[in-house]
2 protein chains.
Amino acid sequence: MKKATIHEIARSLNIDSSTVSRALNDSPLVKKATKDLILKKAREMGYKRNLLASNLRRNKSNTIGVIVPRISRHFFSSTIAGIEEAAYKDGFNVIICQSLEQLNREQRIVENLLQNRVDGILISVSMETLKGSHLEQCAVTDTPLVFFDRHIKDLPYSGQVLIDDFHGGFVATEHLILKGCKKIAHFTGPKNLEIYKNRLAGYRSAMEEHDLENNGNLILPSSLMESDGFKLVAKLLDTVGDVDGIFCANDLVAIGAMKGLKALGKTIPDDIAIVGFSNEPISEIIEPSLTTIDQNGESIGRLACEMLLRQITRTDKMIRNKTVVLTPKLIERESSNRR
Amino acid sequence: MKKATIHEIARSLNIDSSTVSRALNDSPLVKKATKDLILKKAREMGYKRNLLASNLRRNKSNTIGVIVPRISRHFFSSTIAGIEEAAYKDGFNVIICQSLEQLNREQRIVENLLQNRVDGILISVSMETLKGSHLEQCAVTDTPLVFFDRHIKDLPYSGQVLIDDFHGGFVATEHLILKGCKKIAHFTGPKNLEIYKNRLAGYRSAMEEHDLENNGNLILPSSLMESDGFKLVAKLLDTVGDVDGIFCANDLVAIGAMKGLKALGKTIPDDIAIVGFSNEPISEIIEPSLTTIDQNGESIGRLACEMLLRQITRTDKMIRNKTVVLTPKLIERESSNRR
DNA sequence: GCTAAAAATACAATCGATTGTAAAAATATG
DNA sequence: CATATTTTTACAATCGATTGTATTTTTAGC
């Protein structure tokens, strides 16, 4: 069977391949009659443009790479939805990759995307990503890079779309305070990630503003797994007896905590009220339903993608180090609804 | 700044680019000393192989495309985990795409993957996919294709890795029967998809084998959304009063049904027992926890990918129309635990 | 030290599409 | 009808890497 390249088409019509190429790209340099002829023949021969060749020649792939820790996390799959929407609108393709929270996977992915000459990269870094040496390659190859949500500092050539985690942490904590909680603990995330540092800072700020104790005993580190939440409540109640509220760095930990508390015979929210973070779908379904902070993943994804596309098709000079911050919002549910 | 191609490296070392290429590919045709020299220079110049050019020339991309309805569905993200594991082992890259249950998106994705010259495609089709005309392109371009889970019939050139949905439906239904249910309804999925037809057939078979009524009133079609389950229970209890068990085609519908039943004042499992399908993580967390059927997504993904890779690197002739069937297993939880 | 064999490198074509420019064909102008 | 102008098509280089073959260099053997 023939391969069906523009050259095959050209040969079979006894014309030049450059004319075929132009016809297939609907160039005004080719007259209507010839175009029709070529298009018909192309269809007939089952022609399929070879994007490798085309991209190589044009030095442009019309493709952006997206790197997230895990596609199964609801927050990330909604950012991806937003990204794909924005990308599709401008005729760009999206390659989705997951680092599975591993730095070495993230490095391999970046390397591969750059080798495949994507036009730009959107990334939400892994928990293991402390610095961006592997991302500097993007600057070297002049590939625009935009962080969303989980970012790292000090990469001046990139843009970022973030949510105001400080505000989220503040609002979550203050909500518990307003519900009457006096001794509120915080289960935090990996301390190398800015977002968790900021949620923690928001917690601290709210506690201080209301003159509540927030010492080390009340702040327990987790690695964001459900099992962490389960174990941490036991530890917490062991060291600090009279906790009446917990703000968790994400919903999974919050759910683990709820299960742990139930196992310890505590009732939610009356003994201890809980607030999570992320508004995972499960937070609405469990019982009691979980009060949480919604981040609007789709907007984040859309905005990040739009920013990236602006850099790719930059009319003006490179827009460096631009930051957009979105404000998350509290979703009140039963887990904090104290009488 | 220079582009850093093999030609740049060659020029700066005053040797030929073919030698550089061979050195970078660790060919035995280049002696150690030159290799070292070239590698050093390449690193120094920040060389990055252009995979577009390489793949074009080699006519091979070392990449497979994966198409799933939605990456956020737990079952699919676990198949993807299995796929990536198997692909990585053989040095293949994976491009993940989601059809979002839309045929036209699925078509665009297939087209794009083929244009990008992936070495093979793994697909679990959308709900709208009734026939495989867009997939026939794979045969035309000689691109191996393997279905997993959601497949369509009559595409003889492809392989498939399925689960025994008939058995799953049978086991789920029989479980309810053994738990003492007499009038069991089934909320089914889109009837164009084989898997839902098979689950339904399994349900029917179990009911018949135990001489239980299974007429049309008991079989209600859903489009697999939580909201469907919620609405369907009301409808069901309206038309058929004394239902005491429901087997749902997936977990989401089951959860909707549970919520609907609670809203109607029914208790689970005592008034009505429920069984879902898929073992989504949420099924373990809700209360009562949901009895369901586990499909072992990771194995499916791994096996499908291995089958595809075998076709890509086919030693023997094309293995066509091979089918592997996995047996799903029942996970007993509270939603069916009648006294 | 000289030829034969082996090792290392250079040359050149190729993958498929794109694109600037030259050439040819069609049309317009006087 | 001859020339100028415009349209259409052909030629040829290019993107960056790979690879079969030819050539040169090195090593071996005597």
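Values below: all heavy atoms of this structure, side chains included; hydrogens, waters and symmetry mates excluded. In what follows, chains are A, B, ... by sequence order, proteins preceding strands, each numbered from 1.
- Atoms CG (B:Asn55) and P (D:dC15) sit 19 Å apart, rounded to a whole Å.
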(message) Between A:Glu194 and A:Lys153, does the salt bridge (charged side-chain N to carboxylate O under 4.0 Å, His left out) criterion hold? Intermediate values first, please.
(response) CA-CA 8 Å; A:Glu194 292 299 316; A:Lys153 283 181 159 167; 3.7 Å; yes
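- Separating the CG atom of A:Leu56 from the C1' atom of D:dC15 is a distance of 4 Å, rounded to the nearest angstrom.
- Remark: the A:Arg11 side chain and the C:dG16 base include no donor-acceptor N/O pair separated by less than 3.5 Å.
- In this structure, of D:dA10, D:dA17, D:dT21, it is D:dA10 that holds the atom nearest to the side chain of A:Ile15.
- The two residues B:Leu326 and B:Ile300 make their nearest non-hydrogen contact at CD1-CG1, 3.5 Å.
- Following rounding to the nearest Å, B:Asn59 (CG) and D:dA17 (P) show an atom-to-atom distance of 18 Å.
- Rounded to the nearest 0.5 Å, atoms CD (B:Glu106) and NE2 (B:His134) are 3.5 Å apart.
- In this structure, NE2 in B:His74 is found 5.5 Å from OG in B:Ser77, a value given to the nearest 0.5 Å.
- If you measure from atom NE2 of B:His7 to atom P of D:dC15, you get 9 Å, rounded to the nearest angstrom.
- For the pair B:Ala53 and B:Thr19, both in contact range of DNA chain C, the more 5′-proximal nearest nucleotide belongs to B:Thr19.
- Within the 4.0 Å cut-off from OP1 or OP2 of C:dT18, at least one side-chain nitrogen or oxygen of A:Ser21 is found.
- Contacts between residues 25-44 of chain A and DNA chain C, defined by a heavy-atom separation below 4.0 Å, involve A:Asn25, listed by number.
- Taking atom CG on A:Leu51 and atom C1' on C:dC15, their separation rounds to 15 Å, with Å as the unit.
- Candidate nucleotides D:dG16, C:dA10, C:dT19 were compared by shortest atom distance to the side chain of A:Arg58, and C:dT19 ranks first.
- Atom CD1 of B:Ile109 sits about 7.5 Å away from atom CG of B:Leu100, to the nearest 0.5 Å.
- The number of heavy atoms from other shown groups lying within 6.0 Å of NZ (A:Lys40) does not exceed 12.
- Under 3.5 Å, the side chain of A:Ser18 and the base of D:dC11 form at least one donor-acceptor pair of N or O atoms.
- Checking D:dG16, D:dA12, C:dT21 against every side-chain atom of A:Asp16, the shortest atom distance belongs to D:dA12.
- Rounding to the nearest 0.5 Å places OG of A:Ser61 at 7.0 Å from CG of B:Leu52.
- Rounding to the nearest 0.5 Å places OG1 of B:Thr143 at 9.0 Å from CD1 of B:Ile312.
- Note: CG (A:Leu13) to C1' (D:dT8) measures 16 Å, nearest angstrom.
- Listed nucleotides C:dA10, D:dC11, D:dC15 differ in distance to A:Arg57; the shortest reach to its side chain belongs to D:dC15.
- The nearest whole Å value for the distance from the CG atom in B:Leu52 to the C1' atom in D:dC15 is 10 Å.
- Comparing the local axis fitted to the first five base pairs of the helix from C:dG1-D:dC30 to C:dG30-D:dC1 with the one fitted to its last five gives a bend of 40°, rounded to 10°.
- Once rounded to the nearest 0.5 Å, the distance linking CG of B:Leu122 with CE of B:Met307 reads 10.0 Å.
- A:Gln98 and A:Ile71 get closest at one heavy-atom pair: OE1-N, 3.1 Å.
- In this structure, the CZ atom of B:Arg117 is 20 Å from the P atom of D:dA17, given to the nearest Å.
- For C:dT18, one of the phosphate oxygens OP1 or OP2 lies less than 4.0 angstrom from a side-chain nitrogen or oxygen of A:Arg49.
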